[in-house]
Amino acid sequence: MPELPEVEHAASLLRGFLAGRHIVRAEAPRSRVFRDEASRRAFVAKLRGRRFEVIDRRGKYMLLTFDGGVGLLAHLGMTGSFERAREGAAAPPHSRAQLHLDDGHVIHYRDPRMFGRIAIHTSAELLSLPEIAAIGPDPLRDGVDAKVLHAALSATKRPLKVALMDGAVIAGLGNIHATEALWRAKLHPARRADSLSRTDASALKRGIDASITFAIEQIARETAPEAPLRYVNDPQNDENPFLVYDRAGEPCPRRGCKGVLESMVLGGRTSAFCPTCQK
DNA sequence: ACGGATGTTCGCGC
DNA sequence: CGCGCGAACATCCG
């Protein structure tokens, strides 16, 4: 589920659920989502009775603050999501944590694979946590500066795509959007990160912005109340909304390019690319 | 039924 | 010490 656009969406959803609300009670069974048992107990103990203040996002991390100086760090991992249910309703599958609110709703943190994480801190220390402090510019929050991007990429010999997925270089890009951004920029994923020209870096900046923007618009379309019905056999309604991600073997979607998309593994992740137009 | 999946962290080797 | 790579984590889906 989550790269930057999905986390952004999840954060606004959660903001809507929590705005103006108090947490009556917090519960959570033991699970890997909490680093350890002390962390799970802190979740239960510290959130009881707290009033929600704000939710912020840094890359794929969500930072929540409550009154009394309570802060919560959440990461959705690979399969995490927040879902709202009526008080008294059966918990959805894989609910790893529950927030009982003062409006008759329960917020469930669902996460089948449990790669996600929830941790309680003080609100003051959230931004200085090592994992947050290490995060690079966020394309949505801060924008991408081509010069800064070029400098960050010039400092590593890793393959371009591996460097792009490093949150210290650019926040929030994962396998999908790194793949999409490179195709849009006509840059080969295996190329050494320190081989980019300033012009390449500018193209990459535009590729990143475009793939993030496209995904956010896509989410808006999918969640719009008036979203049109999808018809299974309509080729315009492909279930994969991305241009090249997971499309190895298909023709390159670039106008005028006769290439066929291939895939290779970089940094342990499958990468689709066009060998003809990505240099 | 087997293989792979949108993320992060840790340990190992160079 | 810094870098880079691969494995590990737990479950679902095609």
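Lettering follows sequence order; numbering is per chain, from 1.
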Spacing of [X] atom [atom1] relative to [N] atom [atom2], expressed in whole Å:
X      : N     : atom1 : atom2 : answer
A:M165 : C:dG6 : CE    : C1'   : 13 Å
A:I176 : B:dG7 : CD1   : P     : 7 Å
A:R110 : B:dT6 : CZ    : P     : 20 Å
A:L76  : B:dG7 : CG    : P     : 11 Å
A:L129 : B:dT8 : CG    : P     : 15 Å
A:L173 : B:dT6 : CG    : C1'   : 12 Å
A:R269 : C:dA8 : CZ    : C1'   : 13 Å
A:M62  : B:dT8 : CE    : P     : 13 Å

Distance-only, no hydrogens or angles: does the A:D111 side chain make a donor-acceptor pair with backbone N or O of A:G116 under 3.5 Å?
yes
How far does the P atom of C:dC9 sit from the matching atom of B:dA1, given to the nearest Å?
22 Å
Same-atom distance (P) from B:dG4 to C:dG6, integer angstrom
15 Å
Decide whether A:L13 and A:L99 are clustered together by the hydrophobic rule: side chain heavy atoms of Ile, Leu, Val, Met, Phe, Trp, Tyr closer than 4.5 Å, transitively.
yes
Summary of protein contacts for nucleotides 9-14 of chain B, nucleotide by nucleotide, where a base hit scores B, a sugar-phosphate-only hit scores S (4.0 Å, heavy atoms)
S-----
What string of B, S and - do you get for nucleotides 9-14 of chain C 5' to 3' if you count protein non-hydrogen atoms under 4.0 Å?
BBBS--
What nucleic acid atoms does A:G174 come within less than 4.0 Å of, heavy atoms only: base, sugar-phosphate, or nothing?
sugar-phosphate
Pair A:H75 and A:F115, ring centroids less than 6.0 Å apart
no
Give a yes/no answer on whether the side chain of A:T156 brings an N or O atom under 4.0 Å of OP1 or OP2 in C:dG4.
yes
Does a side-chain N or O of A:K157 approach OP1 or OP2 of C:dC3 to a distance below 4.0 Å, or not?
no
Between [X] and [Y], what is the shortest heavy-atom contact and its length?
X      : Y      : result
A:L173 : A:L164 : CB-O, 3.7 Å
A:Q98  : A:P29  : NE2-CD, 4.2 Å
A:L101 : A:F17  : CD1-O, 3.6 Å

Go through the structure and list residues passing side-chain contact (heavy atoms from CB on, under 4.5 Å) with A:A28, not counting sequence neighbours.
A:F34, A:R40, A:F43, A:A97
Taking only distance into account, with no hydrogens and no angle test, what donor-acceptor pairs under 3.5 Å do side-chain atoms of residues 128-143 of chain A form with protein atoms, sequence neighbours excluded?
residue	atom	partner	partner atom	Å
A:S128	OG	A:E125	O	3.1
A:E131	OE2	A:R117	NH2	2.7
A:D138	OD1	A:R57	NH2	3.1
A:D138	OD1	A:L140	N	2.9
A:D138	OD1	A:R141	N	3.1
A:D138	OD2	A:R57	NH1	2.6
A:D138	OD2	A:R57	NH2	3.4
A:D138	OD2	A:G59	N	2.9
A:D142	OD2	A:D138	N	2.7

NZ/A:K205: more than 12 non-hydrogen atoms of other groups inside 6.0 Å
yes
Counting only heavy atoms from other residues, nucleotides and ligands, does the tally under 6.0 Å from CZ of A:R35 exceed 12?
no
Name all stems that contain residues of DNA chain B, defined as runs of 3 or more consecutive Watson-Crick or G-U wobble pairs, both distances under 3.5 Å.
B:2-5 with C:11-14, B:7-14 with C:2-9
Show the atom names and distances, to 0.1 Å, of all donor-acceptor pairs under 3.5 Å that link a side chain in residues 253-277 of chain A to residues at least two apart or in another chain.
residue	atom	partner	partner atom	Å
A:R254	NH2	A:W183	O	2.5
A:S271	OG	A:K161	NZ	2.7
A:S271	OG	A:R269	O	3.4

Determine whether A:L182 and A:L160 make a side-chain contact, defined as any pair of heavy atoms from C-beta on separated by less than 4.5 Å.
yes
